[in-house]
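Below is a structure I'd like to ask you about.
Just so it is clear: chains get the letters A, B, ... in the order the sequence lines come, proteins before strands, and each one is counted from 1.
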Amino acid sequence: MELNLEITMESGQPPHFLWNCENGRFWRIVGGERRELWQEDGKLKWSEGFGEEAKHLLRSGDNLERICKAIGTDAVMRRAISRHRGLRITKNAPWETIVCFICSINNNIPRIRKMVQSLMVDGEVMPPEVMFAADLGGKKLGYRDKFLKATAEAAMSYDLSRVGRMEYENAKEALIEFEGVGPKVADCVLLFGYGFLEAFPVDVWIAREMKRGYGIEGERAIREFAKKRWGKFAGYAQQYLYCSARSR
DNA sequence: CTCCAGGTACCTT
DNA sequence: AAGGTACATGGA
């Protein structure tokens, strides 16, 4: 599996907010167990018993070479890919992904991470029932606390796995019903939480990069262009562009 | 002081 | 569909 673990885990995807990094190893606690991930000579290593989950997290089934070949149809994208070799889309739990990206609203990565960490108990994001009942005051969430409360309450009586069985457009509409989930957050959740690789989240970095690289402006036009050019792998294209924009 | 950050909700054209 | 504005917070 082609992989650059460091770039992947620290590219603004959910693991960036949920996992920790210490001397080259990534770790988090799940169910009281410490899971670790690292690379040796490019080869992925994991702590005992964590192999299947690790492969799932890193979408080992994605043929990165084939995907990059499919989306690398112009100089801008090829350059983005070459500068971030081994960057993969990750697959995370839907609820954790929703929380991460509600926290991301009009926010920066270091602070998103702080907020998400403050919403974790025993290494995991508080489940909806707990979050709804929790006192979020003092966590410095800004106006996002009311979005989290409302969405947590709604999620208590909603089977989030349903979304994963819908078509992309319907799934997006369903997610936007939650307070604090708009088009951009929904696309992030669909991409990183449900594995819809056609999702193309448009944030300020992407908007900037699309104008710079392709001369395209406006959310509507950007999404149309992305769908036409990158189709079912638009999510990967987006992540390469995002990292390019941020490393500029 | 202003500007910005993986935007959304709500309003008016 | 497109364009405005308020909204919390902290760092540059």
Any side-chain donor near an acceptor of the partner, A/Asn20 and A/Arg25, under 3.5 Å | no

State whether a side-chain donor-acceptor pair under 3.5 Å links A/Thr90 with A/Gln13.
-> yes

Let me know the distance between CG of A/Leu141 and P of B/dT8, rounded to the nearest Å.
-> 17 Å

Quickly work out the A/Arg144 CZ to B/dA5 P distance and round it to whole Å.
-> 13 Å

Quick one: label A/Lys184 by what it contacts on the DNA or RNA (base, sugar-phosphate, nothing), any heavy atom closer than 4.0 Å.
-> base

Just checking, A/Arg35 and A/Trp27: is the charged tip under 6.0 Å from the six-membered ring centre and within 45° of the axis?
-> no

Within the structure shown, what part of the strands sits under 4.0 Å from A/Phe178 by heavy-atom distance: base, sugar-phosphate, or nothing?
-> sugar-phosphate

Does the base of C/dA8 carry an N or O that pairs as donor and acceptor with the side chain of A/Asn107 under 3.5 Å?
-> no

Separation of C/dA2 atom P from A/Ile222 atom CD1, nearest Å, is 12 Å

Verify the distance criterion only: is there a donor paired with an acceptor across the side chains of A/Tyr194 and A/Asn92 at less than 3.5 Å?
-> no

How far, in whole Å, is C/dT5 from B/dT2 if one measures between their P atoms?
-> 16 Å

Would you kindly give the CD-to-P distance between A/Glu219 and C/dG3, to the nearest whole Å?
-> 11 Å

Which is true for A/Gln239 with a 4.0 Å heavy-atom rule: it touches a base, it touches only sugar-phosphate, or it touches nothing?
-> base

Nearest-Å distance for atom pair CD/C1', residues A/Glu224 and C/dA1 | 12 Å

Spacing between A/His16 atom NE2 and B/dA5 atom C1', to the nearest angstrom | 14 Å

Base, sugar-phosphate, or nothing for A/Gly180, non-hydrogen atoms under 4.0 angstrom?
-> sugar-phosphate

Specify the separation, in whole Å, of atom CD1 of A/Ile102 and atom P of B/dT8.
-> 10 Å

Between A/Lys172 (NZ) and B/dG7 (C1'), how many Å, whole number?
-> 13 Å

Would you say the side-chain atoms of A/Tyr214 and A/Asp74 include a donor-acceptor pair closer than 3.5 Å?
-> yes

5' precedence on DNA chain B between A/Trp205 and A/Phe147 (nearest-nucleotide basis) | A/Trp205

Candidate nucleotides C/dA8, B/dG7, C/dG10, ranked by approach to the side chain of A/Ile105 - the nearest = B/dG7

Assign A/Ser11 to base, sugar-phosphate, or nothing according to its heavy-atom contacts below 4.0 angstrom with the strands shown.
-> base

For A/Pro183, which contact category applies under a 4.0 Å heavy-atom criterion: base, sugar-phosphate, or nothing?
-> sugar-phosphate

Map A/Glu179 and A/Ile206 onto DNA chain B by nearest heavy atom, then report which one ends up closer to the 5' terminus.
-> A/Ile206

Listed nucleotide nearest any side-chain atom of A/Arg208, set B/dG7, B/dC4, C/dA8 | B/dC4

May I ask you to say what A/Val181 touches in the nucleic acid, namely base, sugar-phosphate or nothing, with a heavy-atom cut-off under 4.0 Å?
-> sugar-phosphate

Taking the same atom, P, in C/dA8 and in B/dC11, what whole-Å distance lies between them?
-> 16 Å

Any chance the side chains of A/Trp38 and A/Glu36 put a donor and an acceptor closer than 3.5 Å?
-> no

Of the candidates C/dG10, B/dT8, C/dA2, the side chain of A/Arg220 sits closest to C/dA2

